[in-house]
*Asks:* 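Before I ask anything, let me first share the structure, which is written out below as structure tokens.
Worth saying up front: this structure is predicted, and the values here are computed from it rather than measured. Side-chain atoms are counted along with the backbone in the values below, which use heavy atoms only and exclude waters and symmetry mates.
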Amino acid sequence: RPRAGTAIKQRESGRRLATLMATLEELRSAAAKGAQSRHIWVQKKTERIRLDLDLIESIEAEGEYVRLHAGETSYLQRGPLGAFAQQLGGESFARVHRSAIVNVRHVSGIGRSSWGGLVLRMRSGRLVRVGRNYKQGVRAILGNGDPE
């Protein structure tokens, strides 16, 4: 009997170890994905630099390029806005116009423009227009901050 009990305990501990190893591998994988997605590489003159996603306050389309605004600095990158939207992930970035994406953590206010449309004021003081088709999404993200 003592050998049977020992065998059962060993089998159970083997199962628990396998479960723990699988959980550890899932956590490592999630951490690696999170670390990779917290920055993007951008062109700055003759070199490529790593830009932390938290520093980006808005991204606007300019023809075949996009301009990333990070505080006082901006970076012009070749490519469509949709491709950058996929790189950013959806947690803190929101599309607010067909040609603009904002980091909602950098929005400091919302108001009306001279033409009557909604505009978002960013922490840097820049204004970003909200498209007609994106008003409801912006209201959902910002809550009751909409001036009516």
Side-chain angles (χ1 to χ4, degrees), residues 1-110 118-147:
R1 288 246 166 180
R3 282 191 280 176
T6 304
I8 290 171
K9 285 180 185 177
Q10 284 177 343
R11 215 174 330 157
E12 255 183 59
S13 61
R15 284 186 196 136
R16 279 185 281 176
L17 179 61
T19 302
L20 286 173
M21 292 299 286
T23 304
L24 180 62
E25 188 56 39
E26 286 175 21
L27 289 172
R28 283 182 180 153
S29 175
K33 285 179 185 173
Q36 290 171 356
S37 66
R38 296 305 320 149
H39 69 272
I40 58 173
W41 291 91
V42 295
Q43 193 71 32
K44 182 180 180 183
K45 297 188 182 181
T46 59
E47 64 181 338
R48 291 185 63 74
I49 62 166
R50 186 175 135 164
L51 182 61
D52 188 8
L53 292 181
D54 293 334
L55 297 177
I56 298 172
E57 74 171 15
S58 66
I59 303 171
E60 295 178 344
E62 291 186 13
E64 294 179 6
Y65 295 85
V66 294
R67 183 167 302 276
L68 293 95
H69 297 276
E72 298 294 317
T73 310
S74 71
Y75 304 93
L76 191 62
Q77 304 295 306
R78 188 176 184 92
L81 189 63
F84 278 89
Q86 289 176 346
Q87 281 184 325
L88 299 172
E91 68 185 46
S92 61
F93 289 89
R95 190 98 178 234
V96 296
H97 193 278
R98 65 184 176 97
S99 62
I101 297 171
V102 297
N103 184 338
V104 295
R105 295 177 183 157
H106 287 267
V107 175
S108 65
I110 184 169
L118 287 179
V119 291
L120 300 176
R121 179 173 302 280
M122 307 308 286
R123 286 184 188 157
S124 68
R126 292 189 70 256
L127 297 176
V128 178
R129 293 186 320 169
V130 175
R132 268 194 322 255
N133 297 333
Y134 296 90
K135 282 183 184 179
Q136 294 298 62
V138 168
R139 286 183 181 127
I141 293 166
L142 300 178
N144 293 332
D146 183 15

*Asks:* Rounded to the nearest 0.5 Å, what separates atom CG in L127 from atom CZ in R129?
*Replies:*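 With rounding to 0.5 Å, CG (L127) is 11.5 Å from CZ (R129).
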*Asks:* Nearest 0.5 Å, please: how far is CD in E62 from CZ in R78?
*Replies:* 13.5 Å
*Asks:* Take a 6.0 Å sphere around NZ of K44 and say whether it holds more than 12 heavy atoms from other residues, nucleotides or ligands.
*Replies:* no
*Asks:* Is E47 atom CD crowded by more than 12 heavy atoms from other residues, nucleotides or ligands, each under 6.0 Å away?
*Replies:* yes
*Asks:* To the nearest 0.5 angstrom, please state how far the CZ atom of R11 sits from the OG1 atom of T6.
*Replies:*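 Output value for this atom pair is 11.5 Å.
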*Asks:* Taking the side chain as C-beta and beyond, is there a heavy-atom pair between F93 and L53 under 4.5 Å?
*Replies:* yes
*Asks:* I need the single residue from R95, R67, R126 that forms a salt bridge (Lys or Arg N to Asp or Glu O under 4.0 Å) with E60. Which is it?
*Replies:*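 Only one of R95, R67, R126 forms a salt bridge (Lys or Arg N to Asp or Glu O under 4.0 Å) with E60, namely R126.
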*Asks:* Between the side chain of Q43 and the main-chain N/O of Q77, is any donor-acceptor distance below 3.5 Å?
*Replies:* no
*Asks:* Short question: side chain of S99, backbone of A61 - any donor-acceptor pair under 3.5 Å?
*Replies:* no
*Asks:* Please check if the number of heavy atoms outside R48 that lie under 6.0 Å from its CZ is greater than 12.
*Replies:* yes
*Asks:* Under the side-chain contact (heavy atoms from CB on, under 4.5 Å) test against Y75, which residue among V66, I59, V42 passes?
*Replies:* V42
*Asks:* Nearest 0.5 Å, what's the CG-CZ distance between L55 and R105?
*Replies:*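 L55 atom CG to R105 atom CZ measures 11.5 Å (nearest 0.5 Å).
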*Asks:* Could you give the distance from CG (L81) to CZ (R98), rounded to the nearest 0.5 Å?
*Replies:*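 It comes to 11.0 Å.
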*Asks:* Looking at E12, is its backbone amide N or carbonyl O close enough to the side chain of Q10 to form a donor-acceptor pair, meaning the two atoms are under 3.5 Å apart?
*Replies:*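 Between the backbone of E12 and the side chain of Q10 there is no qualifying donor-acceptor contact (under 3.5 Å).
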